[in-house]
Amino acid sequence: MIWGIDLLILLLVVICAIATITIKDLLSATIIFGVYSFLMCLLWAEMGAVDVAFTEATVGAGVSTILFIGTILHTSRRSKD
Amino acid sequence: MKILQERIKHTKFGESLIIETAIRIMVPFIQLFGLYVIVHGHYSPGGGFQGGVILGASFILIGLGYDFKTSLSRMQEKTNIILGNLGALLYTGVAILCALMGGLFLDYSALDKLIPMGPIEWRSFGIFLVEVGVGLAVMSIMVSLFWDLCSGGDLDEGL
Amino acid sequence: MEDFITLVIAKYNYWIYVILMMIGFYAMIGKKNLVKKLLGMNIFQTAIILMFVSAGVKKGASIPILDKHEVLTHGIEAAQIVNPLPHVLMLTAIVVSVSITGVALAVILRIYRKYGTLEEDEIMEKLGQ
Amino acid sequence: MIYQSSIWPLMAVLVSLCGAIPILASERKPNLRESWTLLIAAAKVVIVASLLPTVLNGGGFVFTIAEVIPNVPIQLRVDAMGMFFALVASILWFFTSLYSIGYMRALDEHGQTRYYASFAVAISATIGVAFSANLLTLYLFYEVLSLSTYPLVTHHQDAEAKKSGRKYLTYILGTSIALALPAMLLTYQLAGTLDFTSGGILAASGASPATLGLILVLFLFGFAKAGLMPFHGWLPAAMVAPTPVSSFLHGVAVVKVGVFSILRVIFHIFGPDLLFDVNLGVVITTIASLTILVASLIALTQDNLKRRLAYSTIGQLSYMILGAGMLTAAGMTGGLLHIAMHAFGKITLFFCAGAIFVATGKKYISQMDGLGKRMPITYLAFFFGSLSIIGMPPFGGFISKWSLATGAIESGQLILLLVLLTSSMLNALYFFPIIYRGFFLPAAKGEPEGIKEAPIFCLLPLSITAICSLGLFFWPSIFLQLAKMAVIP
Amino acid sequence: MTTSNLHMYVMAAPLICALFVNLLGRRSRTYIAPLTLGSLLFSSVTACFVLANALKNGRMSYTVGNWSPPYGIELIIDPLAALMLLLISVVALLATCAALPTVQREHAGKEHLFFTLYLILIAGLMGLVMTGDAFNLYVLLEITSITTYGLIAMGKGRAVLSSFNYIIMGSIGACFYLLGIGYIYILTGTLNMADIATRLPLVQGDAAVATAFAFLIVGLFIKMAFFPLHGWLPHAYSDAPMGAGVMIAPLMTKVTIYLMFRVIFSIFSPDYAFYQHAIIQNLIIWAAAISIIAASLMALAQRDLRRMLTYIIIAEVGYMVGGIWLANTQGLTGALLHIVNDALMTLCLFLAAATILYRIGSLHFDDLKGLYQRMPLTMLAFTIGAFSMIGVPPTAGFFSKWYLILGGIEAGHWEYVAALIFSSLINAILFFRLIEIAYFGNGDHGHGHKQTLPPTGSAPWYMQGSLLVTAVTLIIIGLGSGQLVQGVIKLALPAGF
Amino acid sequence: MKALAFVATLVTGAILLYGTMDFPAWGDPQAPASVHLSTHYIEEAVAETHVPNIVTAVLGDYRGYDTMFETIVIYCAGLAVVSVLRRSR
């Protein structure tokens with residue numbers, strides 16, 4: 001286990017999380033959230049939790065993002081904060 | 001003008017031959033993989049839930065690549081709901097069946113009285129059964145979530 | 001100082017999860033946009049999942065999928081395999097989280113249909129009239 | 001005292017409670033409904049009277065309904081004190097039922113079914129209070145009584161009734177929840193039981209005098225039905241009710257339930273000895289004396305006949321509490337006895353007020369000039385009643401007042417005697433003008449000629465109760481004996 | 001195998017029937033009522049046997065899947081859990097009688113969806129009271145939440161907004177609970193409540209245990225709408241469809257309070273929860289007192305029956321939380337008894353509200369004039385429920401309040417005692433205001449408010465029947481509270497109380 | 001409002017951080033979580049259920065009750081979405 005990569009991913013995860021909640025365009029925020037999920041999934045795979053990683057990859061980065069996008073397209077992309 | 005609008009409505013916007021073909025080729029493999037993940041959950045990562053999501057994703061992909069109507073025609077809404085119900089029913093039914101067969105709730109080895117094949121083997125098989133149930137339910141619900149959320153609940157116009 | 005650095009090395013994973021959790025929590029209660037709140041909720045839940053998964057990690061251990069015959073004949077040393085229990089729990093938690101997300105999105109759609117906006121303060125203004 | 005287990009106390013309570021059902025059922029047949037009412041009233045008198053001999057012989061009955069709280073069951077018990085009150089209430093209910101029929105029919109009131117049903121529940125609760133074996137049971141029936149009288153007070157369902165009903169509930173329910181309930185809980189916490197035991201249950205608890213004083217004050221004001229000032233305001237307000245309600249409930253049942261509860265607390269929760277030891281009798285007598293004097297003075301200024309009677313009631317109620325507060329045998333007997341004597345007197349007065357209203361539609365004393373000549377029986381009865389209240393011989397009121405006065409002397413607090421005498425004088429001052437106006441002043445000009453006595457159903461009960469007040473002077477033995485047995489076990 | 005599966009059938013019946021309601025109900029409406037009522041009736045009857053068994057044999061440990069306790073999921077059926085099972089099934093059964101016609105009117109075409117969610121919610125609540133596993137509790141908590149979100153969002157008006165608000169708050173609560181469980185898992189390595197309880201005292205880290213405790217309790221506080229965290233409840237419960245509110249309002253908060261009881265006594269020890277942090281204990285009791293007073297005052301400001309009732313629910317939560325944290329026998333007895341009583345009281349009032357809504361089409365105070373003449377039986381039951389809320393003997397509400405106040409006196413928490421009495425008074429005002437409106441107003445001189453109300457028909461007999469049964473039960477429970485306390489609740493109190 | 005949220009977040013985070021002080025070091029094989037329950041699963045699960053993927057074994061059998069409700073949760077989510085979104089006909 002190379003803790004450099006570990007730390008890098010963790011840092012990226014935090015950056016993605018902050019970006020997700022600060023970006024005003026909801027569609028972008030959702031996509032970044034997908035990235036966040038995917039990074040999370042990497043992290044867990046690296047920690048040995050393959051099943052969880054698998055699930056997160058299919059659900060968090062996949063279906064969840066699509067659902068978000070579907071909703072946003074039916075509502076509005078705009079966010080004041 | 002009106003005719004033009006009609007025509008725009010009928011020519012499926014946002015579709016290209018490449019995407020359609022790619023999806024047409026990919027979907028069966030994705031579904032196969034989904035089934036593999038469900039069935040092979042005992043020996044590799046995955047299981048009912050992940051496989052179910054993948055199966056569902058294949059239908060979602062149809063909905064994304066083609067249009068809404070096509071995905072609805074591939075999987076009837078009614079069938080979908082019945083499948084989801086059957087999945088949940090399979091799980092709870094097995095659980096109850098274990099209790100009715102004289103064991104405890106969800107004690108798969110009690111099913112040995114039904115078909116004798118060894119209590120431990122039954123545990124393995126019981127897990128398989130419920131995984132299939134989970135897979136069915138999850139697939140159906142994922143598709144249903146997609147349909148409803150991406151069409152705003154009307155099931156006519158999708159993404 | 002030495003102690004502090006060892007503490008950092010030993011615990012930084014936990015700290016990252018606390019930071020993520022704070023980000024999510026803040027979005028849930030501080031943001032006005034309903035979708036943002038929901039994204040915050042998802043971040044919150046992933047943070048918790050991260051915590052659980054971290055709890056199952058063992059240095060130098062392998063994934064919890066074994067060789068059936070090997071194990072049945074020779075047995076296995078528990079320290080070689082990561083702790084599978086948190087994984088199981090978190091599978092459930094992920095499912096729960098996606099279910100809630102689904103329901104919340106449906107509710108958001110209805111809210112938009114009714115009020116034409118997703119900003120909390122604008123909705124409140126509309127209600128006030 | 002040996003109590004024998006028996007279902008009859010429960011029957012005494014239930015007979016009218018269950019009686020409410022046939023009354024409600026026969027809504028469309030007034031005659032049937034009124035027959036039910038009378039039948040139930042008669043049955044109640046019979047049941048209560050049938051328990052009397054045993055009690056007079058020093059026995060008693062007990063019946064446990066449910067075991068609700070450790071050491072505190074919901075239990076009925078018939079002892080001398082309860083018997084005393086139950087007897088008064090059940091006899092007078094019979095007369096009131098008769099009177100109600102006449103009154104309600106003459107005025108053609110609406111909602112008579114509800115009226116009779118509520119009345120039946122109310123009398124049930126009254127008997128329940130009388131036969132309660134412990135404070136919890138008493139509280140239970142006390143609350144039932146408060147709630148069941150609400151429809152009676154607000155019978156007219158107009159704005160004034162609404163206002164009075166609100167006031168009524170605020171005072172009665174408010175005090176019972178805010179004051180009596182905590183007091184009861186404190187008692188339970190200190191004593192571990194709530195059983196009425198002669199000699200009291202708090203004596204053994206070793207509570208400090210301050211705590212005891214607090215509990216006592218909470219009880220005194222908590223049972224606001226007794227009308228101790230400053231929690232008396234509901235009684236004049238409740239006079240908007242039809243007169244039979246005022247006469248029976250606010251002359252007898254409701255107010256006496258309040259007094260009875262306080263007497264129970266003094267006799268059987270604290271015990272006179274404990275009160276004497278920590279010198280808390282003074283608290284009771286002070287509050288009671290103030291109420292007596294102030295209420296009598298206010299009564300002088302009232303022009304509405306029923307309101308004057310209401311203030312008079314407030315004053316008279318405090319006599320009973322005053323008697324108990326003297327903590328002497330004679331005083332306590334007098335207090336208890338006054339329940340009966342005042343009941344017979346006051347109900348007569350209210351009946352007369354009602355009869356006047358039925359016959360003439362008049363409510364105010366200033367309009368009643370010269371009525372005595374046209375309604376001689378009513379006015380004579382009124383005369384008897386007021387004499388009894390004032391305490392003149394040969395009327396029942398004299399006996400209780402005499403006993404009270406003896407008690408005051410025994411206790412050495414001569415100021416109390418002064419209070420009694422002053423108040424009697426004030427009583428005379430606010431009653432005699434009415435009679436004087438009735439008999440000796442000429443009727444006002446423009447008075448319609450056709451005024452005559454109220455219907456027979458009104459007239460009969462009031463004559464009987466008036467005669468009873470007279471008779472009680474000569475044959476007070478049953479009540480006297482019961483009162484004595486209650487005070488000296 | 002000596003252990004019985006009875007309690008599992010209690011829970012499984014609504015669960016399985018829920019799936020069938022969805023399958024068959026979409027074909028024809030006629031399947032729904034028999035399936036729903038049948039399963040709940042079965043549950044109620046079975047729950048009686050479970051309770052009898054539990055009283056006879058004492059606490060029973062049941063392992064799902066026949067794995068010995070720390071490895072498999074353990075269920076605990078003690079008298080209290082059995083009592084809660086019975087309570088839930090009976091309340092649900094009675095509520096369903098009112099829910100069926102209401103839903104038929106409000107959500108025609110969606111009944112199968114409604115009742116599927118409804119039955120799963122009931123099954124989830126039943127699972128909650130039995131579980132002995134901390135993580136299983138989380139999953140079940142989420143089941144109940146997610147069904148509730150759905151049910152509430154089906155309502156009219158601003159229901160969706162309330163539902164979203166509830167989703168956010170509920171998720172925060174559940175996440176906090178999960179965080180607490182995570183901490184405990186990291187410290188002890190187990191999820192079984194009994195196992196945690198044995199291993200927790202050996203754990204070195206005091207800070208982590210305290211954090212875990214704080215998050216578990218705060219999470220549950222959010223879920224039960226305890227005072228500063230109550231903001232979501234009034235809207236959520238008053239905007240919910242009446243059919244759902246009738247069942248959710250009596251059960252949800254009560255079950256959560258029961259869970260708090262379980263967490264305190266099964267995971268932690270009373271010694272840890274109450275005595276090591278006396279400041280926290282005082283703080284919570286103060287919060288309970290403030291909660292009671294504030295919620296009562298808020299209720300006073302409402303002009304709609306259902307909103308008023310929701311605020312009363314918050315006040316009642318204060319009663320029970322305070323009672324548990326008083327940490328003495330009387331307080332605990334009172335709190336547990338009040339869980340039972342309050343569920344029935346709230347049920348009675350909500351059933352009455354549902355019946356009135358069905359008939360009149362509105363619950364605004366101005367529209368309730370003269371109800372005593374129009375619906376005497378309903379108002380009679382309502383009055384009994386109101387008396388119970390106020391605490392008039394011999395209705396049930398009086399007796400639990402009795403124990404609670406005694407507990408407060410014993411513990412010397414006078415603020416709590418004062419709050420209880422104050423709230424009784426406020427309740428008296430609240431309900432008598434209503435009773436006055438319903439008793440007096442003759443409806444015809446409406447002051448401009450008299451709009452056209454939806455067409456009304458008299459409520460079906462089973463709706464009124466369940467209401468009357470509830471009202472009578474209130475009195476029976478009141479008279480039988482001695483037996484209830486001695487026979488069940490005394491057995492349920494943890495050791496040392 | 002934002003300030004309040006921020007403060008609440010900080011307080012929550014601080015408490016959580018305070019709690020992590022007592023945690024075992026990250027990846028410690030001797031941590032309580034790694035030595036108590038999970039060893040049983042790792043060592044016995046295959047023999048007891050004949051499933052080599054321990055996660056599946058625990059998910060499907062040891063904690064099958066959880067998983068059953070997990071399925072119900074997602075089932076409910078689907079139903080809830082349908083019931084919330086569909087306009088009633």
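No hydrogens, no waters, no symmetry mates; every other heavy atom, side chains included, goes into these values. A note on names: the letters A, B, ... follow the listed sequences, proteins ahead of strands, and every chain is numbered from 1.
Residue E77(B) touches chain F through its side chain alone, counting heavy-atom pairs closer than 4.5 Å. With a threshold of 4.5 angstrom between heavy atoms, P119(B) does not approach chain F through any atom at all. If you measure heavy-atom distances from V51(F) to chain B, the contacts under 4.5 Å come from both the backbone and the side chain. The parts of T49(F) that come within reach of chain B are both its backbone and its side chain, each placing non-hydrogen atoms under 4.5 angstrom from that chain. Within the 4.5 angstrom heavy-atom criterion, no atom of S140(B) approaches chain F.
Across all their heavy atoms, Y91(B) and T71(F) have their closest contact at CD1-OG1, 3.7 Å. Of all the heavy atoms in A95(B) and M68(F), the pair that sits closest is CB-SD, 4.0 Å.
Counting heavy-atom pairs closer than 4.5 Å to chain B, the top-ranked of the candidates T67(F), L79(F), V84(F), L59(F) is T67(F). No other option in T56(F), I72(F), V55(F) has as many heavy-atom pairs under 4.5 Å with chain B as T56(F).
For residues 9-16 of chain F, a heavy-atom distance under 4.5 Å to chain B picks out no residue at all.
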Evaluate the criterion side-chain contact (heavy atoms from CB on, under 4.5 Å) for residue pair S144(B) and V81(F); output intermediate values, then yes/no.
CA-CA 9 Å; S144(B) 155; V81(F) 169; 5.9 Å; no
Let me see the working for L149(B) and L85(F) under side-chain contact (heavy atoms from CB on, under 4.5 Å), right down to the final yes or no.
CA-CA 8 Å; L149(B) 288 175; L85(F) 276 181; 4.0 Å; yes
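Under a 3.5 Å cut-off, the side chain of N53(F) and the backbone N or O of Y43(B) do not form any donor-acceptor pair.
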Hey, can you pull the donor-acceptor pairs under 3.5 Å for the side chains in residues 100-108 of chain B, sequence neighbours left out?
from    : atom 1 : to      : atom 2 : distance (Å)
D107(B) : OD1    : S109(B) : N      : 3.4
D107(B) : OD1    : S109(B) : OG     : 2.7
D107(B) : OD1    : R123(B) : NH2    : 2.9
D107(B) : OD2    : N66(E)  : ND2    : 3.3
Y108(B) : OH     : G60(F)  : O      : 2.7

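Two residues are said to be in side-chain contact when any heavy atoms from C-beta on lie closer than 4.5 Å; H50(F) and I120(B) meet this criterion. The side-chain heavy atoms of F49(B) and I74(F), taken from C-beta on, include a pair separated by under 4.5 Å.
Annotation: the span from T92(B) atom OG1 to Y75(F) atom OH amounts to 9.0 Å, rounded to 0.5 Å.
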